[in-house]
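To find a chain, count down the sequence lines: A is the first, B the second, and so on, and within it residues start at 1.
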Amino acid sequence: MIVNERTGEALDAYYRELELPAGKLHVYANEELFRALDYQVFAMANNNLQIPNLTYMSYTPDVHVGVGTCIGTTAVWPSEGGFVSPSIVGSDIGCGMRVHLTNIHRDELKDIKLRRKLVKAIDRYLPAEEHARGHYSDIRLEHIVRKGLHGLPHKYVPDHYTPKKSTSLSHVESSRYSFDESVLDRFPDRVWHRAHRQLGTLGGGNHFAELQAVEIDERSRDVAESWGLFDGQVVVMIHSGSRAWGGAVSQYGSSELVKVMRKLGLGTADPKLVYAPLAEPAAQDYVHLLYSALNYAVTNRHLIAYAIREACREVLGTAFEMRTLYDLMHNYAWEEQQEGSVHFVHRKGATRALPAGHPDNPAPYLATGHPALIPGSMGTASYIMVGQAGGRDNYYSICHGAGRIRSRTATKKLVSVKDFAAALGVGTENEVVINHRTLEGLVDESPQAYKDVDQIIESVKGAGLAIPVAACRPLATIKGV
DNA sequence: ATGTGC
């Protein structure tokens with residue numbers, strides 16, 4: 001029997017080891033979520049398991065079908081003799097979450113007119129319309145993709161906003177993803193131009209920027225308070241990625257690695273599953289480009305937060321302040337050390353959540369574990385969690401969100417605008433204010449398109465991977481299209 | 001997810 005080290009309760013109901021024809025798949029989900037899984041996610045796992053030399057593969061409870069690989073996959077190879085797969089990483093490289101803590105209480109935003117005013121101001125500073133353009137002509141894209149946040153002009157890094165490098169609360173704030181920069185020559189001018197224009201924009205789909213109110217989980221109050229959270233605190237949560245830059249990297253990497261597959265006679269039943277040995281020069285080029293997209297993605301989220309700060313200060317005054325709690329990704333691949341050996345870990349729709357004491361935590365979070373940021377669907381809570389020691393066997397991967405259960409077209413057929421409006425509390429004083437005149441174009445993002453995030457959180461907790469520190473309930477939501 | 005694509 002597997003037991004949760006912290007609570008001593010049995011984990012069998014939250015974890016399964018499946019023997020598929022091509023190999024072993026580890027699945028983390030409670031009974032109900034496991035039973036609801038589509039057979040296609042197992043068919044997809046069976047394709048992925050055919051890639052040689054795989055050390056480990058698992059699914060999180062929010063797993064659902066993607067292109068080539070399911071969203072909710074952790075796949076690990078040894079660094080020596082391992083493989084990299086652009087399909088497992090996916091096209092929105094570096095997509096992830098960022099949370100800033102503000103110095104205001106939800107009661108200060110009780111007035112719906114004030115929330116509307118804030119959303120209007122944010123809309124001016126943060127372009128969210130179709131083909132949105134950022135307002136950052138003073139930023140050099142080549143500096144961003146090379147150096148991440150270190151490539152930003154100083155004015156975009158105000159005091160108190162991002163802690164000083166030496167005391168940074170986030171490893172992505174203090175580090176850059178270094179790589180062989182000669183690979184950047186691969187992209188034509190139009191890719192550079194588009195990516196430059198898009199810098200600081202939110203993107204569509206499930207991406208969002210949200211003002212939320214904190215509800216601390218009593219069992220984690222010590223951790224929450226040590227991170228600077230308080231009950232009713234307004235936080236800014238951002239879900240975005242590397243926009244068209246990551247897309248270009250993904251496309252280029254896939255087309256180059258398909259050539260390698262042909263040369264080596266590799267392949268599975270799914271032609272959309274692209275992979276190659278890490279030792280191949282084309283694979284190395286892809287990994288370098290992937291790091292440039294991580295630099296882009298983290299800077300993009302930083303600039304979105306910067307725009308929201310400017311807008312909030314315009315409406316609420318310059319006493320309004322927000323500081324970085326954390327920024328972390330859920331679509332990427334990189335090297336990690338575990339038990340003395342180096343692994344190449346892919347996470348697609350999976351979040352790394354390190355427990356207290358793990359050496360990869362940035363120093364300020366060493367004693368507690370770092371915040372793991374999990375978005376909910378529109379109108380529902382998002383969560384700030386912290387990893388547990390029980391996550392070790394899963395390379396400390398947890399869920400990345402609610403997880404889609406219905407296609408966009410199926411959701412549009414099923415869900416009426418009226419139901420969606422009710423889910424957002426439209427017409428009540430607690431209405432989640434949004435930046436769109438009507439909900440019509442956003443129905444495919446309604447909570448009914450997604451699994452119940454509370455069940456996902458319960459699964460992760462029950463399996464001993466992570467525990468909730470705070471629920472963050474939406475007050476206002478900015479969505480792109 | 002993507003200024004989506006035969």
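- Here A:Y395 pairs with A:Y56, A:H343 under the ring-ring contact (aromatic ring centres under 6.0 Å, His included) rule; sequence neighbours left out.
- Residue-level contact check: A:G247 touches neither bases nor backbone, having no heavy atom under 4.0 Å from any strand.
- Computed from coordinates, the A:K272 NZ to B:dT2 P distance equals 18 Å when rounded to whole Å.
- Nucleotide B:dA1 holds its P atom 8 Å from the NE2 atom of A:H64, rounded to whole Å.
- Ranked by how close their nearest DNA chain B nucleotide is to the 5' end, A:E130 and A:R404 are led by A:R404.
- Rounded to an integer number of Å, the gap from CE of A:M97 to P of B:dA1 is 12 Å.
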Give the table of side-chain donor-acceptor pairs shorter than 3.5 Å for residues 61-75 of chain A, with sequence neighbours excluded, one pair per line with atom names and distance.
residue : atom : partner : partner atom : Å
A:D62   : OD1  : A:T60   : OG1          : 2.6
A:D62   : OD2  : A:H400  : N            : 2.8
A:D62   : OD2  : A:H400  : ND1          : 2.7
A:D62   : OD2  : A:G401  : N            : 3.1
A:T69   : OG1  : A:N48   : OD1          : 2.8
A:T73   : OG1  : A:C70   : O            : 2.8
A:T74   : OG1  : A:S397  : OG           : 2.8

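- One atom, OH of A:Y296, and another, C1' of B:dT2, lie 12 Å apart when rounded to the nearest Å.
- As rounded to whole Å, 11 Å separates atom C1' of B:dA1 from atom NE2 of A:H400.
- Between the NE2 atom of A:H239 and the P atom of B:dT2 there is a distance of 10 Å, rounded to whole Å.
- Residues A:R98 and A:H100 have side chains that bring a donor and an acceptor to within less than 3.5 angstrom of each other.
- Side chains of A:H26 and A:D393: a donor-acceptor N/O pair is absent below 3.5 angstrom, by distance only.
- Residue contacts for A:R190: at a heavy-atom cut-off of 4.0 Å it reaches no nucleic acid atom on any strand shown.
- When the side-chain nitrogen and oxygen atoms of A:N331 are compared with OP1 and OP2 of B:dA1, none of them lie within a distance under 4.0 Å.
- Contact annotation: A:R243 reaches the phosphate of B:dT2 (side-chain N/O to OP1 or OP2, under 4.0 Å).
- The separation between A:Y252 atom OH and B:dT2 atom P is 23 Å, rounded to whole Å.
- When rounded to the nearest whole Å, the span between CD of A:E445 and P of B:dA1 equals 6 Å.
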